[in-house]
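Remarks on the structure that follows.
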Amino acid sequence: MIEETSPALRDRVQISMDKKSLRQKLKDFPWWFVALLMIIFSSYVLIAINPKYKDAFLFIRIGLSTTITTTLSAFFIALIIGLITGLGRISQSVFFRNLATLYVEFIRGVPMLVLIFFIAFAGVPGVVDGLNVIGHWLQSIGVNFLAAPLITLENKNIDMTVRAVIALSVTYGAFLAEIFRAGIQSIGYGQMEAARSQGMSFWQAMYYIILPQAIRNVLPALGNDFVAMLKDTSLVSVLAVRDITQVARLYAGRSFRYEETYTTLVIMYLSMTVILSLLVKYLERRYHRSER
Amino acid sequence: MNAKPMIEIKNIYKHFGPVRALDGVSLKVYPGRVMVIIGPSGSGKSTLLRCMNHMEVENKGEVWVEGELLNGTQKNLNRIRSEIGMVFQLFNLYPHLTVLENITLAQRIVKKVSKKEAIENAMHQLQRVGIAEKADVHPQKLSGGQQQRVAIARALAMKPKIMLFDEPTSALDPEMIKEVLDVMLLLAKEGITMVVVTHEMGFARAAADEVIFMDEGLIVEHGTPEQLFDHPIHPRTKQFLSQILAH
């Protein structure tokens, strides 16, 4: 439980902060952030006035919707995988605990780029083959309504964008699992005991008591991973998914304007991540305040 | 005492690794009576209390609640627990909920009481512990004594047949102990069945029908407050009381 600071102490801290000298204020001011904003702003001015940059920007922009939808859908699926795996990591059941740990450690031991290749070109086809086999078996025992969709499933029909989303969500699911696990473990055991003593089942206690507190605690960490995932979607360009990185590579290769293209690409990622980081900080502060 | 015991403990043993917390304890708690358990720390008194609603599961022996054996199935356990109120040393209020929500939640989801009824009951219980004006604040804004009174109200709201108190004043600042003990005395006078683990000898004298002295996982002495405090028989009891009352 977070120890409440006494109002008197808080006032004293507040006063000492007000009394901070101008010199100290200048020292503590986040100059780096001003510089960052200026870099972004001047780059957009450059894009607006220089036709070479403008062309690059207008072309790369085509990939923006893919980058954003890939990030959102992969993160959403990763949240579900992460929550289930996080619960598995602290499960009483030896089987589920080991299964969850195996998954997390497997993912953490392989570079993300390699995982993306692996899942897209070995994982997904393997699962499809498996589903085909199950489909044929179901057909042989006469369960045709289930068998039909499994047999008609073909590798070539599974779009690379879908594979990219699967790859990213499976990878990030393992990272988020660790965040959820830490969040749940950060809630004192007394909370679970109090809930169980009132006759709540384990899952009722989890749902009503533990998870709301745990998720609030890990919100900043989830936000950071969301920003990280936005950046990591650039890796799916290796699957020829037309996100902004892939589109930028195409444009640079075609126009030979490497400088303009990659500068613009950097600024586009940077402006998205800066905005998101600010949002995460704002949410963090708001939740922190409401807890008092 | 012809009534059936509310809780009956039959020869239970509990060990944590090599530490033997309970070493063959039998006990009956009768309806309407207040039982206070005292003893040095590590004597197994909290463990005994926590076995009564299976917060701790005994290694050997049986726990019966109202003629029903706690048999380890979740359904049996959850239903029986909903009829046993428990108050913890560290309050364990739900910090993400308001005081009112703390008290209505289990009524709603465990006892399936309607929202209106749950709120009415919660407000009634808050009045009972004298803190109704704090219904809409979060528990962190309350003092320790107030938090513990909310925790008592939360337990009472389930309309329990028995209340278990696990050192309810041990984590409180001295000036807040009285307000909690006053509420507990009130409940004792109302005839609520209570089992209380505490170091508050004054409370034990005033409220208890029976006092149990435990040491090293065993019940050493068991009697009325007068017998136990004024005429202790066992040397270990005498020693403990002299240490406690010396300061």
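Side chains included, hydrogens not; waters and symmetry mates left out as well; all remaining heavy atoms used. So you know, we letter chains A, B, ... as the sequences are listed, proteins then strands, and number each from 1.
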In terms of heavy-atom contacts, does CD of B/Glu133 have more than 12 from other residues, nucleotides or ligands at under 6.0 Å? yes
Counting only heavy atoms not in B/Arg128 (residues, nucleotides, ligands), do more than 12 fall under 6.0 Å from its CZ? yes
B/Lys178, NZ: over 12 other non-hydrogen atoms inside 6.0 angstrom: no
Between B/His96 and A/Tyr208, which heavy-atom pair has the shortest distance, and what is it? NE2-O, 2.9 Å
Answer yes or no: does atom NZ of B/Lys111 have more than 12 heavy-atom neighbours from other residues, nucleotides or ligands under 6.0 Å? yes
B/Asn92 (side chain) donor-acceptor with A/Ala194 (main chain) under 3.5 angstrom: no
Verify the neighbour count for atom CZ of B/Phe16: are there more than 12 heavy atoms of other residues, nucleotides or ligands below 6.0 Å? yes
Would you give the length of the straight line joining atom OH of B/Tyr94 to atom CD1 of A/Ile187, rounded to the nearest 0.5 angstrom? 13.0 Å
For residues B/Asn78 and A/Met200, determine if any side-chain heavy atom of one lies less than 4.5 Å from a side-chain heavy atom of the other. no
Given B/Val87, B/Ile80, B/Leu105, B/Asn53, the one with more heavy-atom pairs under 4.5 angstrom with chain A than any other is B/Leu105
Looking at A/Phe29, I'd like to know if its CZ atom is crowded, meaning that more than 12 non-hydrogen atoms belonging to other residues, nucleotides or ligands lie closer than 6.0 Å. yes
Considering non-hydrogen atoms only, spot the tightest contact between B/Val110 and A/Gln204 and give its length. CG2-OE1, 4.3 Å
Has A/Tyr269 got more than 12 heavy atoms of other residues, nucleotides or ligands less than 6.0 Å from its OH? yes
Option in B/Ile109, B/Ile84, B/Leu77 with maximal non-hydrogen atom pairs under 4.5 Å from chain A: B/Ile109
Hey, does the side chain of A/Gln191 reach the backbone of B/Leu93 with a donor-acceptor pair shorter than 3.5 angstrom? yes
Name of the residue among B/Met55, B/Arg50, B/Arg154, B/Arg81 meeting side-chain contact (heavy atoms from CB on, under 4.5 Å) with A/Ser197: B/Met55
Beyond-backbone contact of A/Gln213 with B/Pro95, side-chain heavy atoms, under 4.5 angstrom: yes
